[in-house]
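First up is the structure itself, then whatever we jot down about it.
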Amino acid sequence: MTTVLITGTRPYGEGDPVDVLIDDGVITRIVPTVAGGRDAGGPDSAASAADEVIEAAGTVLLPGFVDMHTHLREPGREDAETVRSGSAAAARGGYTAVFAMANTEPVADTAVVTDHVYAQGQAVGLVDVHPVGAVTKGLAGAELAEMGVMAASSAAVRLFSDDGHCVADPLIMRRALEYARGLDVLIAQHAEEPRLTEGAVAHEGPTAARLGLAGWPRAAEESIVIRDALLARDAGARVHICHASTAGTVELIRWAKDQGIAITAEVTPHHLMLDDARLESYDGIFRVNPPLREESDTRALRAALADGVVDCVATDHAPHAAQDKCCEFSQARPGMLGLETALGVVAQTMVAPGLIDWRGVADVMSVRPAQITGLPDHGRPIEVGETANLTVVDPDSAWTVRGAELASIADNTPYEDLTLPARVRATLLRGRVTCVDGKVRAR
Amino acid sequence: MKHLLSIGDLTPDSAVDLLDEADRFKAALLGREVRKLPTLRGRTVMTVFFENSTRTRASFEVAGKWMSADVINVSAGTSSVSKGESLRDTAATLHAIGADALIVRHPASGAPRQVARWTAEMAQDGVAPSVINAGDGMHEHPTQALLDALTLRDRLGGIEGRRVGIVGDILHSRVARSNALLLTMLGADVVLIAPPTLMPLGADGWGVTVAHDLDSELPGLDAVMMLRVQAERMRGGFFPSPREYSIRYGLSETRRRMLPEHAVILHPGPMLRGMEIGYSVADSPQAAPLQQVANGVHVRMAVLFRLLVGGQVDA
Ligand SMILES: [Zn+2]
């Protein structure tokens, strides 16, 4: 039995500072912090007996973050990321649960692969790794994968996605939604009409036209979003839209929600912060799917996240080996690192301008993704009796991003040399400290 | 000016200066039996073509040789695109060999800019090669635009206030992009003429006019620049058929007669006679394809001279 005491922190950044005592993985006491500290004769004698004390004055305490959209690359591309390195990145980023996308090599379209990823995550123990199952065999979009078997396996797969590819065939998508309803699992769609994005490497707009880069039109995303909303309506199923990237997508989701359709959506930190002006350098670091859009889109996405039309932030953490990024822009593999920088980017784009407060951060980075994916002990209120999946955030600790210093094996961060305003001080998974001050604690 | 990667690297003054310099080289070589100037003696120029183009490579090669540079042709072929050797590795090798200028053609937009950045990063002594974009993907082909401008200046006596139509596959054309930038910079009215499927999104923000009907534009043009339509585009649904394209956008003899008499006809070559341009039109006195080729050498001499020896041009 281990006890951890976090002193002087403010849950959700609200109210007076408190000391939070965690006993055997559960929050057992939340008491006001005594001025001068507990050694000055505070009332809580149990606290002074804690095995570990995290002095956290000035911090904000949040429920541990949940990432619905992570690429861990294992099995197959362990040169870019492994379950171990990705778990370390997650712990440093304040995450207590991540969903590992199915586009591995081999594809996670059988319980053999999902169970392997799950077991690896358990063995590492830094973050709950929930494997995502493929919707279709080999992500080929033609035949449904054995979703029921994966759902019933030890990994208990709850989320299915062909991410990286769109389930483009409308009939297959309809069947997937219907079948998922019967299993009470969720389909997450990478919305990209493939015919409209053949050869595309950048957002279709004035910048791509000037730079001579083949364009990825907004309609390629939006046409799938509205189609899937209608299919979900007819199937009585839930559908989740991965990495919403356009102002139009926001309006379509708003409409669908108004109709009572069970649709949810995520936005990535990079689509909140970056726009296609970054492509000027032709640096492959900035190639991502969907592409960085225009400033009007980033503004719409921020507003939509603030007002709840977009439900949550998901990183789309996509590590790539250096040779897959340091090449011609059109040859660069799409994707960016995200786990360790997500909080800082959300703080910069959403909290600093006053679009949301820290309770809002808890909602979009923890509560909502845990609800959407059905995780019972993540995204819970910070209260006595709750499982201690927690993130301690220092809201005033500006730090400069250096790809080489991140825990990921890859270093393809789009924020190199950028200073972000806030940082994770500590992460606790079921009461165990997985990371403190950037140091990851393997079990 | 260190590199010529885009027309955007030029100012109106530096562009005019390059054209004037090209004229001086032309005059200097006029009537000479041995066309050899000592200008770039001891300098090494490499053409690095990841995509075939006999005419552009030969033009740069001749330009370098007429100025006594050592010109080395590196045949990069298309191998690096298949990721055998990465573009960055190739850049490192070329940097290590130590050329003064790299003339880069590449099927990927932006590749010359990346080569310039990488070789600058690699240069511990601060000495990195000048990079000239000899055509990159769908992006730009700045020396082609300069030679076109020189040809128009020769034929029309000036560019400012002239109306130039650029016709055809604007979307995929680096020649069109560079020309639209340069000609508007030099004060011309540019009208882009193509079906909407071959018109880049946002072209109306380039300071040009966008049009879809060639016939109504022809009488008002001082010059018409026909673009090459690549065979692979013809099946891509960009237009119904080569026949229809030719009927709507080909520069037939009938259409040539709709142009003002003084109008100049340009084509970057190689010409698809019969479809893009009528057989007789290409040989008409208004057509200037051979003058374009000749001017190409002088323009490239001017660019190499300015980049390697310096002078008044600034970026
Ligand atoms: Zn995706």
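Keep in mind the model is a prediction, meaning the values are calculated, not measured. Naming: A, B, ... by sequence-line order, numbering from 1 per chain. For the numbers below, each heavy atom of this structure counts, side chains included, while hydrogens, waters and symmetry mates do not.
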**Request:** Using a heavy-atom cutoff of under 4.5 Å, enumerate the residues of residues 167-174 of chain B that contact chain A, numbered in order, or state 'none'.
**Result:** none
**Complete:** dist B:Asp213:CG -> B:Ile193:CD1 (nearest 0.5 Å) comes out at 8.5 Å
Could you pull out every donor-acceptor pair under 3.5 Å between side chains of residues 197-210 of chain B and any protein atom, sequence neighbours left out?
unit_1   : atom_1 : unit_2   : atom_2 : d
B:Thr197 : OG1    : B:Phe238 : O      : 2.4

**Complete:** Residue pairs meeting salt bridge (Lys or Arg N to Asp or Glu O under 4.0 Å), one or both in residues 400-413 of chain A, sequence neighbours left out, come to A:Arg402-A:Asp417
**Item:** pair A:His71-A:Asp163: side-chain heavy atoms closer than 4.5 Å
**Value:** yes
**Prompt:** Looking at A:Arg302 and A:Asp297, does any basic side-chain N land under 4.0 Å from a carboxylate oxygen?
**Reply:** no
Using distance only, find each side-chain donor-acceptor pair of residues 203-216 of chain A under 3.5 Å and give its atom names and separation, not counting sequence neighbours.
unit_1   : atom_1 : unit_2   : atom_2 : d
A:His203 : ND1    : A:Arg293 : NH1    : 3.0
A:His203 : NE2    : A:Glu294 : OE2    : 2.8
A:Arg210 : NH1    : A:Glu280 : OE2    : 2.9
A:Arg210 : NH2    : A:Glu280 : OE1    : 3.4
A:Trp216 : NE1    : A:Asn289 : OD1    : 3.0

